[in-house]
Asker: 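Before we start, here is the structure in question, set down as structure tokens.
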Amino acid sequence: MNRENKNNVKIINKNKINLKLNNIVKMVKRNKNMAKLQAGYLFPEINKRKKEFLQRNPDAKIISLGIGDTTEPLTPHITKALSDAAARLGTDEGYSGYGDEQGLTELREKIASKIYNSKVSGEEVFVSDGAKPDIGRLQLLFGDDAAIALQDPAYPVYIDSSVMLGKTGNYNNKNQFDNIIYMPCTPENDFFPDLEKIGKADIIFFCSPNNPTGAAATKEQLQQLVDYAKKNSSIIIFDAAYSEYINDENLPKTIFEIEGAKEVAIEVNSFSKPIGFTGVRLGWTVVPNELKFDDGSLVREDWNRIMTTIFNGASNISQKGALAALDDKGLQEMRETVSYYLENAKIIRTALQELGYDTYGGDNSPYIWTRIKGMKSWEAFDNMLNKANIVTTPGIGFGQSGEGFLRFSSFGHRKDIEEAVKRLKLHLK
Ligand code: PGU
């Protein structure tokens, strides 16, 4: 090939590359909010590390005390209701298609009476496919100028969904997002934020019993929160996904036990943790009639508009299962399931305390929050995985104030919990 031909080939190739580049330039722009996120979602990241560890150590018998996912089989009464519901769908008379987007009226009313002691009405309860999707959808209620406050540490969905929906600034050099009010909740402040210091928040995400710290707020603490919200015209999004784990009868199981809460709070809850519906999927959100926006319109009406537009109702089979879970037999089985996991929590907590660790939670919550002195969270996570082959969750994954902590989940078969405890005693002395 002579020099001229070579040059022509070069030009043709360059044009091809330019054409490709042009194609790339012409692609749709990435959502700038997605680009603000710093890493993947916490739990898949943990799973990735676990898989890599297993590739290096194929014979390791890993015990997972990481993600809070239930392990015990569904109880008989609930299982029967689910299978009966499925069988009915296979008959001419029993088949049903789309249901009400808000859920079965009977279930909404049963949630109102059995869980809320009729402090809320069925009309205020919206049944859904789980608390996590509701947390994401709730973000649509508020504009992107709403000032959002979060507990630090917190369930990562609150911050990540705020970022995705453009309610935060950029990630800053403090490893946090601008325009978010972080409320440190640490052993030093009894895991309850100093509300005097936070300025004006429009939306406050608050989780009790808390994931990850296991702290369950007292009536007095929640009253302070409600009073703050009233004074500042804020709305509290109260995540009560672990409310059934509250043993202590003096502790509030719902924000609606607090005077004035119906004017300032929305509550999210779930059937995942009390009856093992993490895979079946079912949750609900309570939006009280008293809750209004500044123009006097009802928040409940906007929530209804959102749910009827982008949600098509929860599974009819799951809802029948939940109805069974809320009758006397179902409630008894629910208590047994919860007690089983709480006993696991006690076994783990006792072992960690005997080894000299400072632990929190685990009495009214399935999580034990443990300070690992002298180590950062990911280092402690790797240490636990390498030495004891136990997967935990690094505290830093829940926020800056979680650095230096590990979260132990008590969801697991008893024999695995006992084995985990043996390993802790052997390897972490
Ligand atoms: N709210 C809180 C506070 C949670 O901890 C979880 C689950 C949910 C809601 C989810 O409820 P669903 O009704 O099942 O949607 N947290 C677990 C699982 C991780 C995850 O990504 O949800 C955990 O390990 O923190």
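All ligand and atom numbering here is 1-based and tracks the order in the structure.
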Asker: Evaluate whether atom NZ of Lys80 has more than 12 neighbouring non-hydrogen atoms of other residues, nucleotides or ligands under 6.0 angstrom away.
Answerer: no

Asker: Under 6.0 Å from the CD atom of Glu336, do we count more than 12 heavy atoms belonging to anything else shown?
Answerer: yes

Asker: Could you tell me how the ring of Phe398 sits relative to the ring of Trp369: parallel (under 30°), tilted (30 to 60°) or perpendicular (over 60°)?
Answerer: perpendicular

Asker: Any salt bridge linking Lys262 with Glu124? Criterion: basic side-chain nitrogen under 4.0 Å from a carboxylate oxygen.
Answerer: yes

Asker: Is Lys230 paired with Glu263 through a side-chain N to carboxylate O contact shorter than 4.0 Å?
Answerer: yes

Asker: Does the plane of the ring in Phe411 sit parallel, tilted or perpendicular to the ring in Tyr245? Use 30° and 60° as the thresholds.
Answerer: perpendicular

Asker: Give the residues near ligand 1 by chain and number, with the criterion being a heavy-atom distance under 4.0 Å.
Answerer: Tyr41, Phe43, Ile67, Gly68, Gly130, Ala131, Lys132, Pro133, Tyr155, Tyr158, Cys207, Asn211, Asp239, Ala241, Tyr242, Ser270, Ser272, Lys273, Arg281, Tyr367, Arg407

